[in-house]
Amino acid sequence: MSISEIPLSADNQNFAITIAGTAYRMRLVWRDSFWCLDLLNSDQTPVALSLPLVAGSNLLGQYAYLNLGFSLFVNSDIAGQENPTKTDLGFYSHLYIVTE
């Protein structure tokens with residue numbers, strides 16, 4: 001098992017990423033009160049859409065049947081704060097990939 005952080009900033013963003021040998025695109029958008037993640041194949045075909053970045057569970061848990069070979073988790077450096085705020089994503093709140 002390997003754990004690595006996806007480097008993010010507190011801005012809406014769209015980028016290519018390779019996870020477990022497969023190319024994906026990630027889109028992160030601030031939705032007035034929470035960050036939302038879209039995971040797409042490299043050709044923009046949706047894999048998982050509108051995943052809220054919330055701490056405490058695998059963001060891809062409901063997609064286990066896809067056998068992606070990885071999980072996504074959110075964590076915060078600030079005690080008592082679970083979810084990323086509009087301005088701390090990538091600074092105090094982090095998105096991690098856990099590969100099998």
Side-chain angles (χ1 to χ4, degrees):
M1 175 171 51
S2 172
I3 300 173
S4 56
E5 182 177 355
I6 299 173
L8 299 175
S9 62
D11 294 308
N12 293 340
Q13 50 206 292
N14 184 345
F15 56 89
I17 186 169
T18 300
I19 307 171
T22 302
Y24 294 99
R25 293 211 56 87
M26 283 191 174
R27 257 189 322 236
L28 287 106
V29 177
W30 177 252
R31 301 268 188 215
D32 288 328
S33 60
F34 64 93
W35 285 99
C36 193
L37 168 71
D38 294 334
L39 179 66
L40 308 116
N41 288 319
S42 60
D43 65 359
Q44 305 290 330
T45 304
V47 175
L49 298 176
S50 299
L51 299 172
L53 293 188
V54 294
S57 64
N58 176 8
L59 300 181
L60 296 172
Q62 64 185 325
Y63 298 97
Y65 66 93
L66 294 176
N67 297 315
L68 297 173
F70 65 95
S71 305
L72 296 173
F73 292 91
V74 175
N75 196 13
S76 177
D77 297 338
I78 301 172
Q81 176 186 313
E82 294 182 0
N83 304 326
T85 67
K86 182 177 183 179
T87 58
D88 78 356
L89 183 65
F91 299 103
Y92 300 115
S93 296
H94 310 278
L95 179 61
Y96 295 99
I97 302 169
V98 179
T99 54
E100 300 171 3

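Computed over heavy atoms, backbone and side chain alike; hydrogens, waters and symmetry mates excluded.
- Expressed to the nearest 0.5 Å, how far CG of Leu89 lies from CG of Asp11 amounts to 9.0 Å.
- Met1 and Ile97 fall into different hydrophobic clusters, where Ile, Leu, Val, Met, Phe, Trp and Tyr residues are linked whenever their side-chain heavy atoms come under 4.5 Å apart, directly or through other members.
- With contacts defined as side-chain heavy-atom distances shorter than 4.5 Å, the pair Asp77/Asp88 does not qualify.
- In this structure, Ile3 is not a member of the same hydrophobic cluster as Ile17, with clusters built from ILVMFWY side-chain heavy atoms closer than 4.5 Å.
- Summarising the geometry of Tyr63 relative to Val47, their closest heavy-atom pair is CE2-O, 3.9 Å, with the distance given to 0.1 Å.
- Between Gln81 and Ser93, some side-chain heavy-atom pair lies under the 4.5 Å cut-off.
- Surrounding OH of Tyr92 are at most 12 heavy atoms belonging to other residues, nucleotides or ligands under 6.0 Å away.
- Inter-residue side-chain proximity for Ile6 and Tyr96 is flagged as unmet; no heavy-atom pair is nearer than 4.5 Å.
- Using a 4.5 Å cut-off on side-chain heavy atoms (C-beta onward), Phe34 and Asn83 make no contact.
- In this structure, Leu8 is not a member of the same hydrophobic cluster as Ile78, with clusters built from ILVMFWY side-chain heavy atoms closer than 4.5 Å.
- Minimum interatomic distance between Glu82 and Ser76 (heavy atoms only, all atoms of both residues): O-CB, 4.1 Å.
- Of the inter-residue distances, the one linking Leu51 atom CG with Leu53 atom CG reads 8.0 Å to the nearest 0.5 angstrom.
- When atom types are taken as modelled, the side chain of Asn41 and the backbone of Tyr24 share no donor-acceptor pair closer than 3.5 angstrom.
- Counting heavy atoms from C-beta on, the side chains of Leu95 and Val74 come closer than 4.5 Å.
- Under the 4.5 Å side-chain heavy-atom criterion for grouping Ile, Leu, Val, Met, Phe, Trp and Tyr, Leu72 is not connected to Val29 through any hydrophobic cluster.
- Arg25 places none of its side-chain heavy atoms less than 4.5 Å from the side chain of Asp38.
- With Asp43 contributing its side chain and Thr45 its backbone, the two residues share a donor-acceptor pair below 3.5 Å.
- The closest side-chain heavy-atom distance from Leu59 to Leu39 is not below 4.5 Å.
- Closest of all the heavy-atom pairs between Phe73 and Asn58 is CE2-N, 3.3 Å.
- Rounded to the nearest 0.5 angstrom, Leu60 CG and Tyr65 OH are separated by 10.5 Å.
- Met26 places a side-chain heavy atom less than 4.5 Å from the side chain of Ile19.
- Of the possible polar contacts, one joining the Asn12 side chain to the Trp30 backbone as a donor-acceptor pair under 3.5 Å is found.
- A donor-acceptor pair is defined here as one N or O able to donate and one able to accept, closer than 3.5 Å; such a pair exists between the side chain of Trp35 and the backbone of Thr85.
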